[in-house]
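Remember, predicted model here, so these are calculated numbers, not experimental data.
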Amino acid sequence: MLHLGLPVGKLNVCRCPCFPALMAAEPVNVNEFQELARQALPKMYYDYFSGGAEDQHTLRENVEAFSRITFQPRILVDVSKIDMSTTVLGFNISSPIMIAPTAMHKLAHPEGEIATARAAAACNTIMVLSFMSTCTVEEVASSCNAIRFLQLYVFRRRYVSAQLVQRAERNGFKAIVLTADTPRLGRREADIKNRMVSPRLKNFEAFLSTEVASVSGNMEKYLFPNFCRMVSPRLKNFEAFLSTEVASDQGSNVEALASEIFDDSLSWKDIEWLRSITNLPILIKGVLTREDAMKAVEVGVSGIIVSNHGARQLDYVPATISALEEVVCAVGGKVPVLFDGGIRRGTDVFKALALGAQAVFIGRPVIYGLAVQGEHGVRRVHSNAEG
């Protein structure tokens, strides 16, 4: 058991035709928001947001590992004046709690990432817009004055990634977050079972065709090993560049899409390529080990995000809170270390900060708040995380 010393209404639920009426009790924590989101969302969408890879061991560990860390509080300390504000990459935010990149917010609420961005602005925090967003970078940028970073995957056709980065830079995004733990999609078994229909992801439309003809037998298993029944969305940030229409009704083209467009040869040397196409600072997301942390510093990234992709990629990797201290020690203060994964309460935030994180991200809780109360729900979830 790890011990840390420390100095010491009514529910306004989004009413969409697809959402059932919910209980009127005001949620007071993330777990209650999650239960209300489970009731509000179609099962296929809730499973998509809440699920993890394979046995979901790491998914459970991301949350449960926090419970094995306890406090050793000190008493009679003056706490009458508390200031939680901090800076990340020079940007002032109200507290060390930021909004993680999560995909397809319009599955949770009709306003999608625009509602989330407005909540981030109201909370004076940073939002990382997902590469898989259902609103374009331009729509999000014009919606509010939130501090925005862009999360990025690298395409085989590098000009596609380059154009998205340049669009983000032109629209006032302040940093690029490179997700480095996804050479291929994780095996998410709930998505295999569900016949999922999702919205357009407009950032990718018209870049290239990913239409999939009807397939069967071994070819279907080859093309769609992880999402053989899920119908892929369209990627809105690439509207006019990438078509994700599915010609087959026998399954999903999500895995085929990822196999075709994501660059599985991506390696450390490609950080230099990314630096050559943008003046924005680059953070690398997906670091879990001392060795990778040291390499990230060596190649010159501006920050490191300790993350296991919300346990959606490789099962049986460590909970991120278990990996945090190793990464912090390896970095030695050379660049900021940020944390992502399993945050559900303010005490979790404190534990991550006590183990060396400069700030944390919340992902699934934001989706749950968005599903239940839209922008207001995201603001509530962020406030709850502040304790």
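- The aromatic rings of Phe262 and Phe155 lie tilted to each other, with the angle between the two planes from 30° to 60°.
- Between Ser161 and Tyr153, the closest heavy-atom pair is OG-O, 3.3 Å.
- The main-chain N or O of Gln56 is found under 3.5 Å from a side-chain atom of Asp315 such that the two form a donor-acceptor pair.
- In the model, Gln313 has a side-chain atom that pairs as donor or acceptor with a side-chain atom of Arg188 under 3.5 Å.
- The shortest side-chain heavy-atom distance between Glu386 and Ser94 falls under the 4.5 Å cut-off.
- There is a side-chain donor-acceptor pair under 3.5 Å between Tyr46 and Gln34.
- Within the 3.5 Å criterion, the main-chain N or O of Ile282 finds no donor-acceptor partner in the side chain of Arg275.
- How far OG of Ser67 is from CD1 of Ile321: 11.5 Å, rounded to the nearest 0.5 Å.
- Cluster membership for Met104 and Ile362, using ILVMFWY side-chain heavy atoms within less than 4.5 angstrom, is shared.
- Figure legend: Arg312 and Tyr48 shown as a cation-pi pair, the cationic atom lying under 6.0 angstrom from the six-membered ring centre and within 45 degrees of its axis.
- Partners of Ala175 by side-chain contact (heavy atoms from CB on, under 4.5 Å), not counting sequence neighbours, listed by chain and number: Leu89, Phe149, Pro281, Leu283.
- Arg364 contributes a side-chain N or O that, together with a main-chain N or O of Gly51, makes up a donor-acceptor pair within less than 3.5 Å.
- Rounded to the nearest 0.5 angstrom, Leu59 CG and Ser50 OG are separated by 7.5 Å.
- Leu36 and Val63 sit in two unconnected hydrophobic clusters of ILVMFWY residues. Membership requires side-chain heavy atoms under 4.5 Å apart, directly or through other members.
- Residues Leu314 and Asn308 have side chains not in contact (no heavy-atom distance under 4.5 Å, counting atoms from C-beta outward).
- Residues Asp47 and Lys193 are not paired through a salt bridge, judged by the lack of any N-O separation under 4.0 Å between the basic side chain and the carboxylate.
- No donor-acceptor pair closer than 3.5 Å links the side chain of Arg167 to the backbone N or O of Glu138.
- Thr102 places no side-chain N or O within donor-acceptor distance of the main-chain N or O of Gly363, the cut-off being under 3.5 Å.
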* To do: Starting from the C-alpha separation in whole Å, work towards a yes-or-no answer on side-chain contact (heavy atoms from CB on, under 4.5 Å) for Val349 and Met84.
  => CA-CA 11 Å; Val349 176; Met84 293 193 295; over 6 Å; no

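- Distance check: Ile176 CD1 to Leu274 CG gives 7.0 Å after rounding to the nearest 0.5 Å.
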* To do: Mind running side-chain contact (heavy atoms from CB on, under 4.5 Å) on Tyr159 and Gln166 for me, showing each step along the way?
  => CA-CA 10 Å; Tyr159 71 87; Gln166 290 157 10; over 6 Å; no

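- Residues Val378 and Ile99 have side chains in contact (heavy-atom distance under 4.5 Å, counting atoms from C-beta outward).
- When all heavy atoms of Ile305 and Asp340 are compared, the closest pair comes out as CG2-CB, 3.9 Å.
- Note that CD1 of Ile284 and OG of Ser307 are 11.5 Å apart. Values are rounded to the nearest 0.5 Å.
- Separating the CE atom in Met98 from the CZ atom in Phe361 is a distance of 3.5 Å, to the nearest 0.5 Å.
- In this view, Phe91 satisfies the ring pair (Phe, Tyr, Trp, His ring centres under 6.0 Å) rule with no residue, not counting sequence neighbours.
- A side-chain donor from one of Thr134 and Glu113 sits under 3.5 Å from a side-chain acceptor of the other.
- Here the side chains of Leu41 and Leu107 are not in contact, with every heavy-atom distance at 4.5 Å or above.
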* To do: Dump the intermediate steps for side-chain contact (heavy atoms from CB on, under 4.5 Å) on Phe33 and Val381, then the final yes or no.
  => CA-CA 8 Å; Phe33 269 107; Val381 164; 3.9 Å; yes

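- Note: Asn92 CG to Asn124 CG = 7.5 Å, rounded to the nearest 0.5 Å.
- Remark: Lys351 qualifies as a cation-pi partner of Phe71 under the 6.0 Å distance and 45° angle criteria applied to the six-membered ring.
- Here the side chains of Pro365 and Arg344 are in contact, with some heavy-atom distance below 4.5 Å.
- Smallest separation of non-hydrogen atoms from Ser143 and Val140: OG-O, 2.7 Å.
- Looking at every heavy atom in both residues, Ile304 comes nearest to Ala296 through CD1-CB, 3.8 Å.
- Looking at heavy atoms from C-beta onward, Leu324 lies in side-chain contact with Val337 at the 4.5 angstrom threshold.
- Using a distance-only test at 3.5 Å, with no hydrogens or angles considered, a donor-acceptor pair links the side chain of Thr58 to the main chain of Val317.
- Both Val301 and Val306 belong to a common hydrophobic cluster when Ile, Leu, Val, Met, Phe, Trp and Tyr are linked at side-chain heavy-atom distances under 4.5 angstrom.
- Note on Glu64 versus Arg68: no salt bridge recorded, every NZ/NE/NH1/NH2 to OD/OE distance being 4.0 Å or above.
- In the hydrophobic clustering of ILVMFWY residues, with side-chain heavy atoms under 4.5 Å counting as a link, Met132 and Met44 come out together.
- With respect to Asp263 and Arg157, no salt bridge is recorded, no charged nitrogen being found less than 4.0 Å from a carboxylate O.
- Closest of all the heavy-atom pairs between Ser302 and Pro336 is O-CD, 3.1 Å.
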* Any chance you could lay out the side-chain contact (heavy atoms from CB on, under 4.5 Å) test for Gln358 and Leu338, step after step, and finish with the verdict? => CA-CA 6 Å; Gln358 180 177 333; Leu338 309 174; 4.0 Å; yes

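- Using the six-membered ring where Trp is involved, His57 and Tyr316 have ring planes that are parallel, under 30° apart on the 30 and 60° scheme.
- Within the 4.5 Å cutoff, no side-chain heavy atoms of Arg345 are placed close to those of Asn384.
- The closest donor-acceptor contact from the side chain of Glu54 to the backbone of Arg187 lies at 3.5 Å or more, if one exists at all.
- In this structure, the side chains of Val366 and Thr116 come closer than 4.5 Å at one or more pairs of heavy atoms.
- Shown here for Ala352 and Val360, the closest heavy-atom pair between the two residues is CB-CG1, 3.7 Å.
- Hydrophobic clustering places Phe131 together with Ile277 (ILVMFWY residues linked when any side-chain heavy atoms are closer than 4.5 Å, directly or through intermediates).
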